[in-house]
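Structure first, commentary second.
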Amino acid sequence: MHRLKCRFYKRYVLFAGILMVLLFFKFLYAGQGFAQVTRAQGANLRAQDWDHAVTSDVNGTRLAVLADGREYTNLDDGIYMDEHRRIMIPAEIVRDAFDCSAHLYDNKRLVIEKRDDILELELGKDYYIKNKQKRTQRSAIVKKDGRFFVPFEIPAKELGYTYEWDIENNTLTAQSIPADGSMELPYRYDLREKGRTPKVRDQGPYGTCWAFASLAALESALLPETELELSVDHMNQNNSFTKSKDGGQYTMAMAYLAAWQGPVREADDPYGDGATDRTLSAVRHVQEMQIIDAKNLDGIKKAVFQYGGVESCIYTTLQSADGESPSYNHKTYAYCYLGEEKPNHDVVIIGWDDNYPRENFRTEVADDGAFICQNSWGKDFGDNGVFYVSYYDTNIGMHNLVYTKIEDSTNYDEIYQADLCGWVGQMGYNQESMFGANVYTARSKEDVAAAGFYTTDRNTSYQVYLVPEFTDTESLNNRMLVAEGQFAYAGYHTVRFEQSIRIAAGRKFAVAVWLSTPNALRPMAIEYAADELTREVDLDDGEGYISAQGKKWVDAKEKFNCNLCIKAYTRKAR
């Protein structure tokens, strides 16, 4: 890296010197039309040659973009400097980099929304549109190696960011204005109007609302870029929980998806036929799921705006589209329950309306406002399957799940795990932090590229370590740090290593995680036999160890009869 920087500086100094010589002769012979100057070698360097020299050096080393502290690099994310010396970023990271909504339509048009601004960039156009006004810009969006890229300067400039280029560190740094990056949300937003809601389906007489809501939220997160109808039957029958006629819950969906047990296409495992195909493989890999705090209405709205539908829940005595309930107004499709019953039905929040009239509810509520929710009782219910749930409903917004990172099923070759039931409970040492480590045996010569784990509350700091050759617990004290950071929300996360670590076939290796969760006494997610749904949990598929300080380690299964929720992702050695 140092040699590349030096080469860049030398070339820069050489070209600058040439320009200075030319300027000297220009002014020396100003006004003397008969004079002739012999140019030094290289003075005929064209602009495109200079641009190519600069971009070659910039792209030849580590290139980074820092947007409000979030880092993206050419090594991990594919950013690059183009021939016009613009930093190009993949369309799929615009959403998180600029804390906005960004979605690709018709495989050619990127729509970016933030506050009251709407940007539209279309492939092949030499302009983009901001709030219906055309702005000239060379190659506003380009396609390269099957991915869409956007000049960083367009969303940065138009969404209110300051930015500067650090030539020494090869880094472009952007800061939002205001500096806290706060997002002003519209008073009304409806994913139906954005083409980002899946079709309404009917669960029939079965207790499968949890699976319908989970997969509808997942389908929404894929839209409009990808339209998939996913199999509820497969999720319902191929998870690792004890089968129950009383339905399920969103944590079961999280475990099924995090384990790559699914999702699969509806066409490959149709609903309600009494059969399932256990040989099917997941058509997408869900690598991150965020749990939004209870009754965090702004957090839910922001998640809908940025990512798509949010799975949530209500309590209802309704059983079908034509049922009656004192909490539901059939005429206005308005619902509000103000009692103390726990939730018994899952729905998907697909929007909101802060001005939805309180008079529309049969129950007296304190103020206007409602979430727009999609149900799983067919189009005969509500407004073609959609209804309005008051912000003041007892249960809506209490348990909330959104899918924030969905990747192709080719992203990694192998997953190593010992927690097919996922986050069942938590453990700790009555303090905010602890260490956990899972040990696996490599099936072939592989590169360990990432780790997956749950955070059990907000603002959890983490450090991920790898032990390439595990022999006993003493090996865990020779761990190498491969990643660190912090997650704002609870949920499931995948952390990519800065550099993959190669493991020989048949060799034991360990992935260790240090977690620190503010005000928590048990920060580590575990799998164990906690209730009827988990009574058949398999605790013989893992080898895990825990430690308070990372020095003395004890066997998690032997001591506490549980598995740790720590996964490893690998790629076959090339």
Side-chain angles (χ1 to χ4, degrees), residues 210-211 214 235-244 247-262 282 285-291 399 401 414-429 433-441 450-457 460 462 464 470 473 476 487 490-495 508-515 517 520-548 553-569:
W210 67 278
S214 296
M235 173 180 277
N236 188 51
Q237 298 185 56
N238 292 281
N239 60 71
S240 296
F241 296 84
T242 305
K243 300 303 175 282
S244 170
Q249 51 196 11
Y250 73 95
T251 53
M252 293 169 58
M254 292 181 73
Y256 164 87
L257 294 167
W260 291 0
Q261 292 173 321
H285 287 164
V286 178
Q287 301 295 157
E288 183 177 78
M289 297 167 269
Q290 290 184 9
I291 297 173
H399 305 284
L401 177 66
E414 297 283 352
I415 181 173
Y416 289 85
Q417 57 189 334
D419 61 326
L420 294 180
C421 286
W423 178 10
V424 174
Q426 298 168 214
M427 75 179 317
Y429 289 90
S433 63
M434 69 173 292
F435 285 84
N438 271 356
V439 179
Y440 301 107
T441 302
F453 53 90
Y454 293 86
T455 54
T456 57
D457 209 338
T460 295
Y462 68 86
V464 181
F470 176 88
T473 54
L476 296 172
F487 289 117
Y492 182 78
H493 312 275
T494 300
V495 176
K508 275 192 169 186
F509 67 96
V511 177
V513 177
W514 171 82
L515 297 175
T517 304
L521 300 178
R522 300 175 180 85
M524 180 72 65
I526 59 171
E527 173 198 58
Y528 73 108
D531 52 25
E532 184 62 23
L533 285 171
T534 55
R535 62 181 171 82
E536 298 177 0
V537 65
D538 182 7
L539 296 181
D540 293 325
D541 59 351
E543 180 182 355
Y545 302 92
I546 58 171
S547 173
W553 299 79
V554 297
D555 190 304
K557 181 190 173 187
E558 183 179 292
K559 187 77 172 177
F560 299 101
N561 206 32
C562 68
N563 280 335
L564 306 182
C565 298
I566 302 173
K567 304 181 192 290
Y569 300 97

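For this chain, numbers begin at 1 and follow the sequence in order.
- Rounded to the nearest 0.5 Å, atoms NE2 (His493) and CD (Gln290) are 7.0 Å apart.
- The nearest pair of heavy atoms linking Ser214 to Ala253 is OG-CB, 3.1 Å.
- Evaluation of the side-chain contact (heavy atoms from CB on, under 4.5 Å) rule for Asn563 yields Ala418, Glu527, Leu539, Asp541 as partners, not counting sequence neighbours.
- Of the listed residues (Val439, Val495, Ile566, Asn438), just one forms a side-chain contact (heavy atoms from CB on, under 4.5 Å) with Val511, and that residue is Ile566.
- Residues Gln261 and Ala255 share a closest heavy-atom pair of OE1-O, 4.4 Å.
- When Trp423, Phe487, Tyr454, Tyr250 are each tested for a ring pair (Phe, Tyr, Trp, His ring centres under 6.0 Å) with Tyr492, only one passes: Tyr454.
- In this view, Thr460 and Thr455, Leu515, Thr517 satisfy the side-chain contact (heavy atoms from CB on, under 4.5 Å) rule, not counting sequence neighbours.
- Looking only at distances, no side-chain donor or acceptor of Lys567 sits under 3.5 Å from a matching main-chain atom of Cys565.
- Scanning for salt bridge (charged side-chain N to carboxylate O under 4.0 Å, His left out) contacts around Asp531 gives an empty result, with sequence neighbours left out.
- Heavy-atom minimum distance, Arg522 versus Thr456: O-OG1, 3.9 Å.
- Counting heavy atoms from C-beta outward, Gln426 and Leu521 have side chains that stay 4.5 Å or more apart.
- Without hydrogens or angle criteria, Asn239 side chain to Asn236 main chain gives a donor-acceptor distance under 3.5 Å.
- In this structure, the side chains of Ile546 and Met524 stay at 4.5 Å or more apart for every pair of heavy atoms.
- Exactly one of Trp260, Tyr440, Tyr416, Phe453 qualifies for a ring pair (Phe, Tyr, Trp, His ring centres under 6.0 Å) with Tyr569. That residue is Trp260.
- Put simply, the side chain of Thr242 gets close to the backbone of Leu533: a donor and an acceptor are under 3.5 Å apart.
- At a threshold of 4.5 Å between non-hydrogen side-chain atoms, the residues Val424 and Ile526 do not count as touching.
- With ring centers used as reference points, Phe509 lies 6.0 Å or more from Phe470.
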